[in-house]
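Heads up: the structure comes next, in structure tokens.
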There are 2 protein chains.
Amino acid sequence: MTSTPLSRSEAKDLTRRKLIRAALAILDEEGEAGLSTVKVARAAGIAQSSFYVHFKDMQELLRVLAEEGGERLRSSMREARRRARESPGDLGLHRETFRIPLESICRHPELLRIQIRARHDPSSSLRDFASETAAAYREHHAADLAALGYTADNERDRRRLDMIADGINAATNALAMGHLEGRYPDLDEAADILTALSRGALRLLRSTSGATRPGDEPPARP
Amino acid sequence: MTSTPLSRSEAKDLTRRKLIRAALAILDEEGEAGLSTVKVARAAGIAQSSFYVHFKDMQELLRVLAEEGGERLRSSMREARRRARESPGDLGLHRETFRIPLESICRHPELLRIQIRARHDPSSSLRDFASETAAAYREHHAADLAALGYTADNERDRRRLDMIADGINAATNALAMGHLEGRYPDLDEAADILTALSRGALRLLRSTSGATRPGDEPPARP
DNA sequence: AATTTCACCGATAGTACTATCGGTGAAATT
DNA sequence: AATTTCACCGATAGTACTATCGGTGAAATT
């Protein structure tokens with residue numbers, strides 16, 4: 001082992017990173033209820049009281065965690081969008097549209113778990129983060145639908161697009177979690193299912209866009 | 001006010017119910033982290049120490065809560081199945097299949113919220129309850145699909161049915177939550193979206209059942 | 001009527017955690 | 001070289017909660 005002479009600020013930054021990493025791990029393994037300055041500090045290898053050198057309180061650490069997580073998720077989605085645009089063909093694009101979010105989730109599953117938990121936990125300090133993330137995903141999806149040629153010009157259609165994005169989103173999360181739990185080993189299969197689900201929804205939009213009330217399935221395109 | 005002379009056991013049962021109700025309310029409003037014998041007992045109008053007359057500890061109260069919640073959910077689903085069977089016509093049946101679970105959820109939203117939270121919280125004492133409930137929903141849905149004529153006779157098709165049930169399920173929850181949050185005021189619209197999503201998935205099953213790999217969309221029925 | 005049972009009470013010991021404070025030594029500055 | 005800064009430390013007061021214990025009075029039993 002080569003000794004590394006660290007400056008004071010470098011050393012401080014290092015322990016700060018250690019605290020953040022430790023908190024993320026505990027958050028993922030034991031949930032928000034399992035977090036305490038005692039545990040985080042010990043996991044990072046410092047005294048409990050030294051926790052306060054780096055963060056005002058646990059709340060602030062969680063805020064930082066949310067910001068970093070949000071940044072990671074956003075960049076992951078940007079990357080996804082970029083790759084999807086490069087994908088060849090129309091079917092390919094449609095399928096990539098679904099495989100890529102699945103992959104993004106599987107790359108940082110702890111972020112999704114934490115987010116889902118926070119989204120439904122009224123006592124969570126991460127609720128805002130969770131809501132923003134959910135909204136970002138919805139927008140992401142709305143953009144994808146727009147890219148496929150579906151735009152909403154009245155309130156009902158907008159609400160429908162929202163519901164579809166919401167539903168597909170939830171399904172994406174569910175399949176990703178199932179993949180991580182080992183139930184669905186093949187992500188391509190999952191992407192196929194999502195593609196099929198969305199096809200059904202798009203068919204509905206196509207068949208009744210602007211109409212007053214849906215019948216069964218008139219074939220007309222807008 | 002007419003005075004009600006209660007026997008000792010009746011009175012005990014009453015406070016027990018009060019404790020359970022109080023716990024459920026706190027669980028819904030503040031999450032599992034907000035639960036404590038202090039709060040529950042106070043909300044039920046008894047001394048903190050009297051909590052232990054009724055339950056060994058908080059863990060046991062949560063177990064009872066999970067059992068009661070499970071029973072409520074199961075009976076809600078039985079009722080749903082019964083009504084769906086009575087529904088006229090094939091399209092009607094398909095749509096009822098989706099509207100009824102939505103209604104069930106909206107009748108007891110706190111149960112879904114608690115379940116979703118527990119399902120993703122590693123520190124929760126309600127995880128088993130949540131897993132069982134999720135599995136029950138999936139079976140419910142698999143049965144619905146079977147009723148519509150989709151049966152799986154190989155591993156890949158079984159996995160697909162699972163994924164579809166999982167995905168539709170997640171979408172159902174998402175739309176129900178959206179309805180409760182006021183974003184989707186009309187449950188029928190939500191049911192239409194779910195119907196459309198599932199149609200897409202069913203079309204996939206139809207077109208590639210038993211085949212080795214899906215192409216785009218051959219029209220053949222099995 | 002006498003006795004027993006028991007749901008509930010207040011007090012309290014024990015546990016886990018938060019957040020502050022004064023002290024220390026090595027890094028940084030002068 | 002002398003002085004200052006500051007990341008980290010141990011100790012500790014304060015907070016919130018759990019779970020037990022002995023006591024009490026009214027209901028239930030004898």
Side-chain angles (χ1 to χ4, degrees), chain A residues 2-66 121-126, chain B residues 2-27 29-65 121-126:
Chain A
T2 56
S3 69
T4 330
L6 293 179
S7 82
R8 188 140 70 180
S9 68
E10 282 170 336
K12 182 175 184 183
D13 215 67
L14 192 82
T15 45
R16 187 187 150 95
R17 303 299 323 167
K18 279 188 194 163
L19 284 169
I20 290 174
R21 277 183 168 280
L24 202 56
I26 293 173
L27 203 50
D28 189 32
E29 286 159 25
E30 305 178 40
E32 212 165 325
L35 270 187
S36 73
T37 57
V38 176
K39 280 190 200 168
V40 173
R42 183 167 46 203
I46 62 172
Q48 183 264 338
S49 60
S50 301
F51 176 93
Y52 297 90
V53 172
H54 301 272
F55 303 98
K56 188 184 155 291
D57 52 20
M58 187 56 82
Q59 191 87 0
E60 190 179 298
L61 195 165
L62 282 170
R63 220 201 57 230
V64 170
L65 231 52
D121 187 348
S123 73
S124 170
S125 339
L126 294 172
Chain B
T2 56
S3 69
T4 331
L6 292 180
S7 82
R8 187 140 71 178
S9 68
E10 282 171 335
K12 182 176 184 183
D13 214 66
L14 192 82
T15 45
R16 187 187 150 93
R17 302 299 326 164
K18 278 187 194 164
L19 284 169
I20 290 175
R21 277 186 168 278
L24 201 58
I26 293 172
L27 202 50
E29 284 159 26
E30 303 178 40
E32 214 166 323
L35 271 186
S36 73
T37 57
V38 177
K39 281 190 199 167
V40 173
R42 182 168 48 204
I46 62 173
Q48 183 265 339
S49 59
S50 300
F51 176 94
Y52 295 91
V53 171
H54 300 272
F55 303 100
K56 188 187 156 289
D57 52 20
M58 187 55 83
Q59 190 86 1
E60 189 179 298
L61 194 165
L62 283 170
R63 219 201 57 228
V64 170
L65 231 53
D121 187 347
S123 73
S124 170
S125 341
L126 294 173

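Computation of the quantities below employed the complete heavy-atom set of this structure, encompassing side-chain atoms and omitting hydrogens, waters and symmetry-equivalent molecules. Below, read A as the first sequence line, B as the second, and so on, with proteins coming before strands; counting in each chain starts at 1. Predicted model, so just to flag it, every value in this text is computed and none were measured.
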On DNA chain D, does the nearest nucleotide to B/Arg8 precede the nearest nucleotide to B/Lys39 from the 5' side, or the other way round? Give the residue.
B/Lys39
Nearest heavy-atom approach of B/Ile46 to B/Phe51 is CD1-N, 4.1 Å
From CG (B/Leu27) to CG (B/Leu35), nearest 0.5 Å:
5.0 Å
What is the minimum heavy-atom distance between B/Ser125 and B/Leu62, and which atoms define it?
OG-CD1, 3.5 Å
Atom of B/Gly34, atom of B/Ile26 and distance for their closest heavy-atom approach
O-CG2, 3.7 Å
Base, sugar-phosphate or nothing for B/Ser36? Non-hydrogen atoms, less than 4.0 Å.
sugar-phosphate
Stems field, DNA chain D, Watson-Crick or wobble, 3.5 Å, at least 3 pairs, by first number, holds C:1-30 with D:1-30
Just to be sure I understand the rule, does A/Ser49 reach a base, reach only the sugar-phosphate, or reach nothing, if contact means heavy atoms closer than 4.0 Å?
base
When you list every nucleotide of DNA chain C with an atom under 4.0 Å from a heavy atom of chain B, which one comes first 5' to 3', and which comes last?
C/dT5 to C/dA11
Please tell me which of A/Thr15 and A/Gln48 maps to the more 5' nucleotide of DNA chain D, matching each residue to the nucleotide holding its nearest heavy atom.
A/Thr15
Base, sugar-phosphate, or nothing: which does A/Ser50 touch, judged by heavy atoms less than 4.0 Å apart?
base
What is the minimum heavy-atom distance between A/Glu30 and B/Pro122, and which atoms define it?
C-CG, 3.7 Å
Would you say B/Gln48 and B/Thr37 are linked by a side-chain donor-acceptor pair, where the criterion is simply a distance under 3.5 Å?
yes
Please test B/Glu60 against B/Asp57 for side chain to side chain contact (heavy atoms under 4.5 Å, CB included), starting from the C-alpha separation and ending with a verdict.
CA-CA 5 Å; B/Glu60 189 179 298; B/Asp57 52 20; 3.8 Å; yes
Shortest non-hydrogen pair, B/Ala47 vs B/Ala41, comes out as O-CB, 3.7 Å
